[in-house]
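Data block below; observations after.
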Amino acid sequence: QVQLVESGGGLVQARASVRLSCAASGRTLRTYVMGWFRQAPGKEREFVAAITGTGGTTFYGDSVKGRFTMSRDNAKDTTYLQMNSLKPEDTAVYYCAARVGMLVKIPSTDYNYWGQGTQVTVSS
């Protein structure tokens, strides 16, 4: 069993920067693909970013390219999402997820473990 806990969310101003963290515990596997998703009220869960097990390759959703950066520190079992130039439309609950396997997948249904989410609210 793998447990994921997100942290770092809160109320921030537009154009600010925030770094979210995702701490893993339990039977962690450092080769798991890690992902970040977000969901705003009344909307579908949206793919934000993913990273390979070694951290060598990252993928981003179109809406966050150039602004968000994903990374991981496998020695700490922690994954990060650096969010720059935040916009009000970035407001959502952000979820950390892990997928058993080596291939990066975009659909949320392809991920096996999920955190409870952390709220990020961007004021204008």
Side-chain angles (χ1 to χ4, degrees):
Q1 193 76 41
V2 175
Q3 294 83 45
L4 304 174
V5 180
E6 305 94 337
S7 62
L11 177 62
V12 299
Q13 295 178 301
R15 298 173 295 281
S17 296
V18 171
R19 188 179 74 161
L20 304 182
S21 298
C22 173
S25 61
R27 294 179 60 86
T28 58
L29 186 63
R30 294 177 177 179
T31 56
Y32 282 8
V33 170
M34 300 298 298
W36 284 97
F37 295 79
R38 67 186 184 185
Q39 188 166 24
K43 297 184 179 180
E44 295 182 345
R45 191 165 296 183
E46 177 188 14
F47 172 77
V48 174
I51 192 167
T52 54
T54 62
T57 307
T58 52
F59 304 83
Y60 300 96
D62 290 340
S63 63
V64 305
K65 287 180 179 177
R67 298 188 299 122
F68 291 10
T69 302
M70 187 175 181
S71 62
R72 67 193 298 168
D73 186 343
N74 286 342
K76 298 180 179 179
D77 287 333
T78 303
T79 302
Y80 305 96
L81 182 67
Q82 179 68 43
M83 305 187 293
N84 299 327
S85 302
L86 284 166
K87 306 173 182 179
E89 50 262 45
D90 294 318
T91 296
V93 177
Y94 283 73
Y95 296 92
C96 176
R99 194 183 82 85
V100 179
M102 298 180 64
L103 297 179
V104 171
K105 299 290 186 179
I106 293 177
S108 61
T109 53
D110 287 326
Y111 288 76
N112 305 99
Y113 302 99
W114 292 84
Q116 296 190 54
T118 184
Q119 176 72 44
V120 175
T121 302
V122 184
S123 64
S124 60

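What you see is a predicted model; the values in this text were computed from it and never measured. Below, each value reflects all heavy atoms present in this structure, side chains not excepted, and no hydrogens, waters or symmetry copies.
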Given the options F47, F37, Y95, Y111 meets ring-ring contact (aromatic ring centres under 6.0 Å, His included) only with F37

Looking just at side-chain N and O atoms, do E89 and S63 make a donor-acceptor pair shorter than 3.5 Å?
no

Atom of G117, atom of V93 and distance for their closest heavy-atom approach
CA-CG1, 3.8 Å

Closest non-hydrogen atoms of R45 and S108, given as atom of the first, atom of the second and distance, are CD-CB, 4.2 Å

How long is the span from the CZ atom in R72 to the CG atom in D77, to the nearest 0.5 Å?
9.0 Å

side-chain contact (heavy atoms from CB on, under 4.5 Å) between V122 and V120, worked out
CA-CA 7 Å; V122 184; V120 175; 4.2 Å; yes

Flag yes if V18 and L81 sit in one hydrophobic cluster, no otherwise; membership is Ile, Leu, Val, Met, Phe, Trp, Tyr, and two members link when side-chain heavy atoms are under 4.5 Å apart.
yes

Between V33 and V48, is there shared hydrophobic-cluster membership here, with clusters defined by ILVMFWY side-chain heavy atoms closer than 4.5 Å?
no

Quick one: do Y113 and I51 end up in the same hydrophobic cluster if we chain Ile, Leu, Val, Met, Phe, Trp and Tyr together by side-chain heavy atoms under 4.5 Å apart?
yes

Assess whether side-chain contact (heavy atoms from CB on, under 4.5 Å) is satisfied between D90 and F68, documenting all intermediate values.
CA-CA 11 Å; D90 294 318; F68 291 10; 4.0 Å; yes

For the pair D110 (side chain) and K105 (backbone), establish whether a donor and an acceptor sit closer than 3.5 Å, ignoring hydrogens and angles.
no

Between Q3 and Q1 the two heavy atoms that sit nearest each other are NE2-CG, 3.1 Å

Specify the closest pair of heavy atoms between Q119 and A92, including all atoms of both residues, with the distance to one decimal.
NE2-O, 3.5 Å

Rounded at 0.5 Å granularity, tell me how far CD1 in I106 sits from CD in E46.
11.0 Å

Side-chain heavy-atom pair T52, V104 within 4.5 angstrom cut-off:
yes

Over all heavy atoms of both residues, which pair between C96 and E6 is shortest? Give the atoms and the distance, please.
N-OE2, 2.7 Å

R99 CZ to T109 OG1 distance, which is reported to the nearest 0.5 Å
10.5 Å

V2 reachable from W114 in the ILVMFWY side-chain graph, under 4.5 Å edges
no

Heavy-atom nearest pair, L20 first then W36, reads CB-CH2, 3.8 Å

Please check: side-chain N/O of R67 versus main-chain N/O of S85, any donor-acceptor pairing under 3.5 Å?
yes

Would you say CD of Q116 has more than 12 non-hydrogen atoms from neighbouring residues, nucleotides or ligands within 6.0 angstrom?
no

Can you check whether T69 reaches Y80 side chain to side chain, under 4.5 Å on heavy atoms?
no

For D62, is there an ion pair with K65 - N to carboxylate O distance below 4.0 angstrom?
yes

As a quick check of understanding, evaluate side-chain contact (heavy atoms from CB on, under 4.5 Å) for Y32 and V100, giving each step before the final call.
CA-CA 5 Å; Y32 282 8; V100 179; 3.7 Å; yes

What's the separation between atom OG in S21 and atom CD in Q82, rounded to the nearest 0.5 Å?
9.5 Å

Check whether any side-chain heavy atom of M70 sits under 4.5 Å from a side-chain heavy atom of F59, and report yes or no.
no

Any side-chain heavy atom of M83 sitting closer than 4.5 Å to one from V12?
no

Whether the side chain of N74 engages the backbone of T54 through a donor-acceptor N/O pair (distance < 3.5 Å, no angle test) should be reported.
no

